[in-house]
Enquirer: 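What follows is a single structure, and I will ask about it in a moment.
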Amino acid sequence: QVQLVESGGGLVQPGGSLRLSCAASGFTLDYYSIGWFRQAPGKEREGVSCISTYDGSTVYTDSVKGRFTISSDGAKNTVYLQMNSLKPEDTAVYYCAADPYPWGPRSSWRDSQIYDYWGRGTQVTVSS
């Protein structure tokens with residue numbers, strides 16, 4: 001069964017850190033690019049970051065550059081999103097998704113339609 005499972009979310013104070021994990025089962029991430037998305041209440045889902053597990057190339061949305069780091073561990077078939085200096089506006093449900101284009105990230109990486117598989121999400125709340 002093909003599955004992506006996110007974990008690592010929670011409640012953190014502003015300025016704090018969290019590391020999200022996206023674990024794949026039923027397929028290997030080596031043949032995909034993996035994107036992280038988030039959706040806050042009342043807002044559209046937005047692309048946060050994407051990594052090519054083939055060559056490790058990465059992209060980030062401007063609002064998280066310098067604060068978030070995406071990485072992958074092929075042995076664990078898992079992609080991570082390290083989130084530092086968290087702000088209240090980072091509060092959202094975070095999702096990971098798999099794009100069957102390993103040489104990515106594509107220029108269209110923010111387009112949710114290019115992703116074949118999605119996880120169910122993990123809640124991140126940044127609040128004092």
Enquirer: Any cation-pi pair here, Arg38 with Tyr94, using under 6.0 Å and within 45°?
Expert: no
Enquirer: Arg106 versus Ile114: any side-chain heavy-atom pair under 4.5 Å?
Expert: yes
Enquirer: Enter the distance from Asp116:CG to Tyr101:OH here, rounded to the nearest 0.5 Å.
Expert: 14.5 Å
Enquirer: Do Leu11 and Ser127 have side-chain heavy atoms sitting under 4.5 Å apart?
Expert: yes
Enquirer: When you compare the side chain of Trp109 with that of Asp99, does any pair of heavy atoms fall below 4.5 Å?
Expert: no
Enquirer: Aromatic rings Tyr54 and Trp103: how do their planes relate, parallel, tilted or perpendicular, breaks at 30° and 60°?
Expert: perpendicular
Enquirer: Indicate, with yes or no, if the rings of Trp118 and Phe37 have centres closer together than 6.0 Å.
Expert: yes
Enquirer: Roughly how far, to the nearest 0.5 Å, is CD of Glu44 from CD of Glu46?
Expert: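 Between Glu46 CD and Glu44 CD, I get 10.0 Å after rounding to 0.5 Å.
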Enquirer: Please tell me if the side chains of Ile51 and Tyr80 come closer than 4.5 Å, counting only heavy atoms from C-beta onward.
Expert: no
Enquirer: The test is side-chain contact (heavy atoms from CB on, under 4.5 Å); show your working for Gln82 and Ser17 and say whether it passes.
Expert: CA-CA 7 Å; Gln82 178 67 43; Ser17 298; 4.0 Å; yes
Enquirer: Of Val5, Thr122, Asp73, Thr78, which is the lone residue that meets side chain to side chain contact (heavy atoms under 4.5 Å, CB included) with Ser21?
Expert: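 So, applying the side chain to side chain contact (heavy atoms under 4.5 Å, CB included) to Ser21 and each of Val5, Thr122, Asp73, Thr78, only Thr78 qualifies.
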Enquirer: Does Arg45 reach the main-chain N or O of Gln39 with its side chain, forming a donor-acceptor pair under 3.5 Å?
Expert: no
Enquirer: Does any N or O in the side chain of Gln1 come within less than 3.5 Å of the main-chain N or O of Gly26, such that one atom is a donor and the other an acceptor?
Expert: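 No; judged by distance alone, with no hydrogens or angles, the pair does not exist.
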Enquirer: Taking Thr53 for the side chain and Ser33 for the main chain, is one N or O donor matched with an acceptor at less than 3.5 Å?
Expert: no
Enquirer: How about Thr61 and Arg110: do any of their side-chain heavy atoms sit closer than 4.5 Å?
Expert: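 Thr61 vs Arg110: side chains touch.
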Enquirer: In sequence, state the C-alpha distance, the side-chain angles, and the governing distance for Leu29 and Ile34, and then conclude on side-chain contact (heavy atoms from CB on, under 4.5 Å).
Expert: CA-CA 8 Å; Leu29 293 180; Ile34 303 301; 3.4 Å; yes
Enquirer: Indicate yes or no for a side-chain donor-acceptor contact from Tyr60 to the backbone of Ile70 under 3.5 Å, with no hydrogens or angles considered.
Expert: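 Looks like yes, one N/O pair under 3.5 Å.
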Enquirer: Supply the atom-to-atom distance Asp30 CG to Ser72 OG, rounded to the nearest 0.5 angstrom.
Expert: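 Between atom CG of Asp30 and atom OG of Ser72 there are 8.0 Å.
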Enquirer: Checking salt bridge (Lys or Arg N to Asp or Glu O under 4.0 Å) for the pair Lys87/Asp90: CA distance, chi angles, key distance, verdict?
Expert: CA-CA 5 Å; Lys87 304 175 181 180; Asp90 294 318; over 6 Å; no
Enquirer: Can you run down the disulfide (SG to SG under 2.5 Å) pairs that involve residues 17-72, sequence neighbours left out, and say none if there aren't any?
Expert: Cys22-Cys96
Enquirer: Is there a side-chain contact (heavy atoms from CB on, under 4.5 Å) between Met83 and Val124? Walk through the geometry before answering.
Expert: CA-CA 10 Å; Met83 306 187 297; Val124 171; 3.8 Å; yes
Enquirer: Before we go on, tell me: are the rings of Tyr115 and Tyr32 under 6.0 Å apart, centre to centre?
Expert: no
Enquirer: Decide yes or no for Val79 and Ser71: does some side-chain heavy atom of the first lie under 4.5 Å from some side-chain heavy atom of the second?
Expert: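 Not touching, per the 4.5 Å side-chain cut-off.
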Enquirer: side-chain contact (heavy atoms from CB on, under 4.5 Å) for Phe27 and Asn77? Distances and angles first, verdict last.
Expert: CA-CA 9 Å; Phe27 70 106; Asn77 214 27; 5.8 Å; no
Enquirer: Does either side chain, that of Thr91 or that of Glu89, offer a donor lying less than 3.5 Å from an acceptor on the other one?
Expert: no
Enquirer: Grab the two heavy atoms, one from Ser49 and one from Leu81, that are nearest each other, plus how far apart they are.
Expert: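 Smallest heavy-atom distance, with atoms named: CB-CD1, 4.3 Å.
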Enquirer: Could you measure the distance from the CG atom of Leu18 to the CZ atom of Phe68? Nearest 0.5 Å is fine.
Expert: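 Reported to 0.5 Å precision, the distance equals 9.0 Å.
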Enquirer: Find the distance between OG (Ser25) and CD (Gln3) and round it off to the nearest 0.5 Å.
Expert: 4.5 Å
Enquirer: Compare every heavy atom of Gly104 with every heavy atom of Ser52, then report the nearest pair and how far apart it is.
Expert: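 Closest approach of Ser52 to Gly104: CB-O, 2.9 Å.
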